[in-house]
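Everything below concerns the one structure shown next.
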Amino acid sequence: MSKLSQAVKNGKTKWSGLSGKKKLMVAAGVVVLLLVVSRVPGMLAEKEPPAPEFFFEEVARRTISSTLEGTGTVQPVNSYTVKALVTGDVLSAPFEEGDIIEAGKLLFQIDPDRAKNSYTQSQLSLQTAQEEAGKLNVTAPADGQIVKIHYEQGESINAGSLLIELQDRQNMLLKVPFLTTEASQLQPGQTAEVIMQSTGERFSGTITEISSVQQVGAGGTLTHEVSILVQNPGGLTEGVFATAEAGGFVCAGSGTFEYRHSENIMAEVNGDLAELYVKEGDIVSKGQSLLRISSTQVETNLRNAQLSLDNAQASLDEYTITSPIAGTVIEKKFEQGDTIDSNNSASEMAVIYDMSQLEFTMNIDELDIGKLQVGQKVQITCDALEGEQFEGYVSKISINGKSNNGVTTYPVTVKLDDYGNLLPGMNINATVMLQQAENVLTVPAGAVQRGNLVLVQGTESTVEPPAGQTTPEGYVWREVEIGANDDSYIEIISGLEEGDMIAVPANAMDSGGFGGPGGPGGEVVVTVG
């Protein structure tokens with residue numbers, strides 16, 4: 001018996017020895033095996049199609065827009081919370097919530113009695129200090145000549161010390177008696193003639209004063225003293241005797257010359273002689289500065305008095321509260337007759353919003369902040385005002401970035417001049433127009449390779465193909481000049497024309513796809529090989 005016949009016989013023997021349940025299990029297994037084996041040829045025959053190497057699309061005109069989006073909450077550009085700095089009763093509060101007010105308008109007048117007394121006292125203290133400081137600058141009390149200076153620059157001076165002797169030697173004064181009946185006919189300003197008793201020399205003078213006091217002269221005669229001013233011809237000194245004639249009358253007795261002014265100038269404060277402006281023999285005029293005394297104490301007192309007055313004035317001003325900005329009154333918390341306590345945390349009196357402009361701040365990622373510039377336009381919408389759109393502009397780009405979880409953002413401020421129905425506190429969505437080019441030639445972003453190379457249908461090219469880059473049949477590489485771009489397309493300034501067919505490498509789709517395989521209106525090309 002052959003081996004095959006023996007195997008069949010053995011198989012039959014084993015099959016006949018199986019139970020009915022085991023026979024069913026073996027049969028099912030055979031069926032499954034046959035099904036798998038029957039599908040193998042078909043499975044082996046199926047092959048996945050190769051991925052496309054290029055997509056084709058025509059050069060077309062489009063509008064390219066590049067934007068950046070953010071969110072924020074609008075607030076007034078300027079707002080002010082009025083707070084009480086003093087305690088007292090509100091005498092007046094001439095405004096109401098909702099009023100539009102100008103900067104400087106009176107908001108609250110608080111009873112200032114407490115501050116007025118302090119201010120008046122400070123005024124008096126300053127006046128006293130100024131008077132004392134005025135004594136540091138010593139001036140001439142009259143016209144005259146410096147006869148003697150008793151201190152040198154740098155020396156210490158005590159109050160009451162004699163500083164300078166001053167005499168008016170250019171003008172001499174002669175006082176002589178005239179009979180009462182004759183003196184009554186004379187008057188100040190009238191010319192008189194003076195006669196030197198020792199030499200008989202005569203020269204002219206002017207009556208300056210006629211005494212109202214009657215005196216008894218020699219022999220019981222009644223006289224009045226007449227003062228005559230004489231310009232010193234050069235040789236007159238004090239004590240020289242002379243007589244006078246005036247109005248046709250002769251004086252009733254002689255008199256002696258004296259200097260018109262003879263002053264001893266005294267120090268009125270303690271200090272040091274800081275500056276000396278004159279020297280002995282100088283002729284000076286009334287009010288002319290002669291010297292300056294320095295006194296630390298006097299100067300300190302003056303500064304302190306001025307500071308005290310300034311503080312008192314500032315305290316007094318705090319009782320009159322005006323608006324520091326022009327705007328709209330949002331809240332008014334105190335009325336006339338209320339009492340304000342500046343020590344109480346509830347001393348906020350009013351809130352004012354400057355509604356001439358609104359603004360908001362949005363946080364921009366560090367990867368995008370370099371794309372923004374001050375002045376860029378911003379399109380704004382608000383969920384609370386459906387259908388309304390507003391326009392603002394970037395007013396400030398802060399470099400004070402904040403990091404969170406490894407990401408840094410920078411606050412960008414946007415202002416709105418025309419904000420319509422937007423109200424402070426509303427949440428908005430903002431779109432910043434980074435760049436826009438309308439009706440320009442465009443190609444898909446992935447079509448531009450190596451910075452400025454594009455595959456275009458044609459036969460002639462002066463550009464070497466990029467290394468390792470496949471070139472489809474009927475296409476050549478061409479150098480182009482590019483402009484604006486967005487996420488999908490790039491503007492072509494030169495190098496291509498509208499309608500040109502270009503090839504986009506499939507492996508460049510991830511870097512700038514254009515609406516799916518083939519792009520809008522494009523053609524998918526499958527290369528079989």
Side-chain angles (χ1 to χ4, degrees), residues 65-85 95-108 321-333 345 347-405 407-436 484 486:
S65 297
S66 178
T67 62
L68 189 64
E69 296 183 348
T71 60
T73 303
V74 290
Q75 297 294 340
V77 171
N78 195 9
S79 63
Y80 189 81
T81 299
V82 181
K83 293 185 178 181
L85 301 178
F95 71 100
E96 299 298 334
E97 287 186 2
D99 285 356
I100 298 175
I101 59 176
E102 297 296 327
K105 176 181 172 58
L106 175 66
L107 299 178
F108 298 95
I321 301 175
T322 59
S323 177
I325 62 173
T328 303
V329 179
I330 304 302
E331 289 185 88
K332 179 183 180 183
K333 300 183 179 181
S345 59
S347 61
E348 291 187 359
M349 304 177 70
V351 178
I352 301 170
Y353 281 177
D354 177 3
M355 298 290 287
S356 61
Q357 283 185 319
L358 294 183
E359 67 178 9
F360 64 89
T361 299
M362 57 182 182
N363 295 317
I364 302 300
D365 190 277
E366 60 185 316
L367 299 178
D368 297 321
I369 194 67
K371 302 174 183 177
L372 293 179
Q373 294 181 352
V374 171
Q376 282 177 316
K377 291 183 179 180
V378 182
Q379 301 299 321
I380 299 157
T381 59
C382 177
D383 292 342
L385 301 174
E386 188 174 354
E388 295 189 42
Q389 291 189 347
F390 312 93
E391 186 174 279
Y393 61 93
V394 176
S395 62
K396 179 181 178 182
I397 302 174
S398 175
I399 60 173
N400 184 21
K402 294 183 179 180
S403 297
N404 186 21
N405 295 327
V407 177
T408 301
T409 59
Y410 295 86
V412 174
T413 303
V414 177
K415 285 186 177 179
L416 298 84
D417 293 324
D418 184 7
Y419 51 85
N421 295 317
L422 281 174
L423 297 176
M426 285 186 172
N427 297 312
I428 53 85
N429 304 305
T431 301
V432 184
M433 184 64 65
L434 300 178
Q435 58 179 183
Q436 184 171 7
D486 58 18

Which pair of non-hydrogen atoms, one from [X] and one from [Y], has the smallest distance, and what is that distance?
| X | Y | result |
| --- | --- | --- |
| A350 | F95 | CB-CZ, 4.2 Å |
| I399 | Y410 | O-CE2, 3.7 Å |
| Q376 | L434 | NE2-O, 3.8 Å |
| P411 | T361 | CB-CG2, 3.6 Å |

With rounding to the nearest 0.5 Å, note down the distance linking [atom1] in [X] to [atom2] in [Y].
| X | Y | atom1 | atom2 | answer |
| --- | --- | --- | --- | --- |
| L106 | T322 | CG | OG1 | 7.5 Å |
| I321 | L85 | CD1 | CG | 7.0 Å |
| Y353 | I100 | OH | CD1 | 15.5 Å |
| E331 | E97 | CD | CD | 6.5 Å |
| D383 | I428 | CG | CD1 | 10.0 Å |
| I364 | L372 | CD1 | CG | 5.5 Å |

* Would you say the side-chain atoms of T71 and N429 include a donor-acceptor pair closer than 3.5 Å? -> no
* Would you say the side-chain atoms of D354 and S356 include a donor-acceptor pair closer than 3.5 Å? -> yes
Can I get a per-line list of side-chain donor-acceptor pairs under 3.5 Å for residues 412-426, giving both atom names and the distance, sequence neighbours left out?
unit_1, atom_1, unit_2, atom_2, d
D417, OD1, Q357, NE2, 2.4
Y419, OH, M355, O, 2.4
N421, ND2, E388, OE2, 3.4

Does any part of the side chain of [Y], heavy atoms only, come nearer than 4.5 Å to the side chain of [X], both counted from C-beta?
| X | Y | answer |
| --- | --- | --- |
| M349 | K333 | no |
| M362 | V432 | yes |
| M433 | Q379 | no |
| I380 | V74 | no |

* **Sequence neighbours excluded - side-chain hydrogen bond (donor to acceptor under 3.5 Å, both in side chains) pairs with any residue from residues 364-373** => D368-K371
